[in-house]
Amino acid sequence: MADEVILLNFWPSPYGMRVLIALEEKGIKYENREEDFSNKSLLLLQMNPIHKKIPVLIHNGKSICESLNIVEYIDEVWNDRSPLFPSDPYQRAQVKFWANYIDTKIYEIGFKFSKAEGEAKEAAKKEFLEAVKVLEEQLGNKPYFGGDNFGFVDVALVPLFCMFYTYTFAGKFIDDEKYPNITSWAKRCLKKESVSKSIPKEDKVKRFLEENGLSQRGH
């Protein structure tokens, strides 16, 4: 009997994009169900009663919440293809550390930048670039954060970073010359079908933000 895999999602969410990338990278068949935040579905409220947020993965009727938790679950269940985690326990611990850094630093500062104005925006930009510099040094000359293979840290970072780096309306403040490792990494990631299929086109995002009177932000 085939697995039933449903993703409760909202397309502009970089957190949802993480899950889409993992599913696509593994070649898993799934149904992507869009949620209306102004009228959340009964299924979402049932499957994530604590936070009532997307993304939620429903695998054979059982729900898994929180994007990094979902990606780790996907890697463990479908462990016969495209591994996202190294097998070595120490390396796995390091991967989780950097994914947590991305969640608590890059995403937090990125959203702060998107909502701020004036001096606060400039301060957030400086803080964001300092965090990017840390990742630039961590990446070094490796093709991916997972070494030769696209992995968990790449999945964690790529949705937000590529949105900030490639969308012209986001300011284009990530300089290729100052951050050659990570900007090359971003371009490399965007050539992967699992990534390019999961990250929306700039005009679609821009139209959505304009129609809803929003600055660029996460969901």
Side-chain angles (χ1 to χ4, degrees), residues 3 5-37 40-41 43-60 62-79 82-86 92-114 128 131 135 144-146 150-165 185-186 189-190 192 194-200 205 208 216-219:
D3 284 311
V5 180
I6 299 168
L7 175 62
L8 304 184
N9 193 20
F10 183 46
W11 69 265
S13 168
Y15 297 109
M17 291 174 210
R18 288 172 165 178
V19 181
L20 286 173
I21 291 167
L23 291 168
E24 291 287 344
E25 188 70 12
K26 294 277 187 177
I28 299 163
K29 290 186 178 180
Y30 63 95
E31 178 187 348
N32 186 27
R33 291 192 191 175
E34 286 289 319
E35 283 289 328
D36 179 356
F37 276 14
K40 294 179 182 178
S41 71
L43 184 61
L44 174 61
L45 300 178
Q46 289 173 337
M47 291 296 174
N48 191 0
I50 305 301
H51 297 300
K52 303 177 178 64
K53 292 180 179 179
I54 59 90
V56 178
L57 187 77
I58 307 171
H59 181 209
N60 295 333
K62 296 179 179 178
S63 64
I64 305 95
C65 306
E66 302 297 321
S67 62
L68 291 183
N69 189 41
I70 296 170
V71 172
E72 185 172 0
Y73 175 86
I74 289 169
D75 193 53
E76 289 183 357
V77 173
W78 290 276
N79 58 10
S82 303
L84 299 174
F85 275 93
R92 288 177 70 89
Q94 293 302 303
V95 162
K96 288 186 178 183
F97 172 86
W98 286 108
N100 182 66
Y101 175 86
I102 289 163
D103 233 17
T104 56
K105 288 288 282 186
I106 297 292
Y107 275 67
E108 183 180 314
I109 302 165
F111 293 151
K112 188 196 300 182
F113 171 83
S114 71
F128 185 85
L135 292 174
Y144 300 104
F145 283 94
F150 185 78
F152 189 65
V153 179
D154 304 293
V155 174
L157 179 60
V158 74
L160 187 75
F161 189 89
C162 283
M163 289 169 77
F164 266 77
Y165 177 62
W185 163 86
C189 288
L190 283 166
K192 292 182 67 66
S194 60
V195 176
S196 63
K197 282 180 68 174
S198 304
I199 295 178
V205 176
F208 168 80
Q216 185 191 1
R217 66 185 64 182
H219 299 268

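Taking the six-membered ring where the residue is Trp, the centroids of Trp98 and Phe152 are separated by 6.0 Å or more. Ring centers of Phe150 and Tyr144: under 6.0 Å apart, within the cut-off.
With rounding to the nearest 0.5 Å, the separation of CD in Glu35 from OG in Ser41 is 3.5 Å. Considering CG of Leu8 and NZ of Lys53, their distance stands at 15.5 Å, rounded to 0.5 Å. Between the OG atom of Ser63 and the CG atom of Leu57 there is a distance of 9.0 Å, given to the nearest 0.5 Å. The distance from the CZ atom of Phe161 to the CG atom of Asp154 is 12.0 Å, given to the nearest 0.5 Å. For the atom pair OG (Ser13) and CD (Glu34), the distance works out to 10.0 Å, reported to the nearest 0.5 Å. Atoms CG and CD1, on Asn48 and Ile50 in that order, are 7.5 Å from each other to the nearest 0.5 Å.
A heavy-atom distance below 4.5 Å is found between the side chains of Val56 and Leu44. Counting only heavy atoms from C-beta outward, the side chains of Asn69 and Ile64 approach each other to under 4.5 Å. For the pair Tyr101 and Leu135, the minimum side-chain heavy-atom distance is below 4.5 Å.
At least one donor-acceptor pair under 3.5 Å links the side chain of Lys40 to the backbone N or O of Lys52. In terms of modelled atom types and a separation under 3.5 Å, the side chain of Asn100 and the main chain of Lys96 share no donor-acceptor contact.
Nearest heavy-atom pair, Leu7 versus Pro55, reported as atom, atom and distance to 0.1 Å: CD1-CB, 3.9 Å. Residues Gly16 and Asn9 approach most closely at CA-OD1, 3.3 Å, considering heavy atoms. Residue Met17 comes nearest to Pro200 through the heavy atom pair CE-CD, 3.4 Å, listed as atom of the first residue, atom of the second, then distance. Residue Ile106 comes nearest to Ala131 through the heavy atom pair CD1-CB, 3.5 Å, listed as atom of the first residue, atom of the second, then distance.
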*What do the steps show when you test Val158 against Trp185 for side chain to side chain contact (heavy atoms under 4.5 Å, CB included), and what is the final call?*
CA-CA 9 Å; Val158 74; Trp185 163 86; 3.9 Å; yes
*Assess whether side chain to side chain contact (heavy atoms under 4.5 Å, CB included) is satisfied between Val95 and Phe145, documenting all intermediate values.*
CA-CA 8 Å; Val95 162; Phe145 283 94; over 6 Å; no
*Do Phe113 and Phe128 pass the ring-ring contact (aromatic ring centres under 6.0 Å, His included) test, and can you show the C-alpha distance, the side-chain angles, and the key distance before you say yes or no?*
CA-CA 8 Å; Phe113 171 83; Phe128 185 85; 7.1 Å; no
*Could you go step by step and tell me if Ser196 and Leu190 meet the side chain to side chain contact (heavy atoms under 4.5 Å, CB included) rule?*
CA-CA 5 Å; Ser196 63; Leu190 283 166; 5.5 Å; no
_Walk me through whether Ile102 and Leu160 qualify under side chain to side chain contact (heavy atoms under 4.5 Å, CB included)._
CA-CA 10 Å; Ile102 289 163; Leu160 187 75; over 6 Å; no
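Residues Trp11 and Asn32 have side chains that never bring a donor and an acceptor to within less than 3.5 angstrom of each other.
In this structure, Phe10 and Phe37 have tilted ring planes: the angle between them lies in the 30° to 60° band.
Put simply, the residue from Lys62, His59, Glu66 that forms a side-chain hydrogen bond (donor to acceptor under 3.5 Å, both in side chains) with Tyr73 is His59.
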Using residues 18-29 as the side-chain source, report each donor-acceptor pair under 3.5 Å to any protein atom, sequence neighbours left out, with the distance given to one decimal.
unit_1 : atom_1 : unit_2 : atom_2 : d
Arg18  : NE     : Tyr107 : OH     : 3.4
Arg18  : NE     : Ala156 : O      : 3.0
Arg18  : NH1    : Ser67  : OG     : 2.9
Arg18  : NH1    : Asp103 : OD1    : 3.0
Arg18  : NH2    : Asp103 : OD1    : 2.9
Arg18  : NH2    : Ala156 : O      : 3.1
Glu24  : OE1    : Lys197 : NZ     : 3.2
Glu24  : OE2    : Tyr30  : OH     : 2.7
Glu25  : OE1    : Ser194 : OG     : 2.6
Glu25  : OE2    : Lys192 : NZ     : 3.4
Lys26  : NZ     : Asp75  : OD1    : 2.8
Lys26  : NZ     : Trp78  : O      : 2.8
Lys26  : NZ     : Arg81  : O      : 2.7
Lys26  : NZ     : Ser82  : O      : 3.3

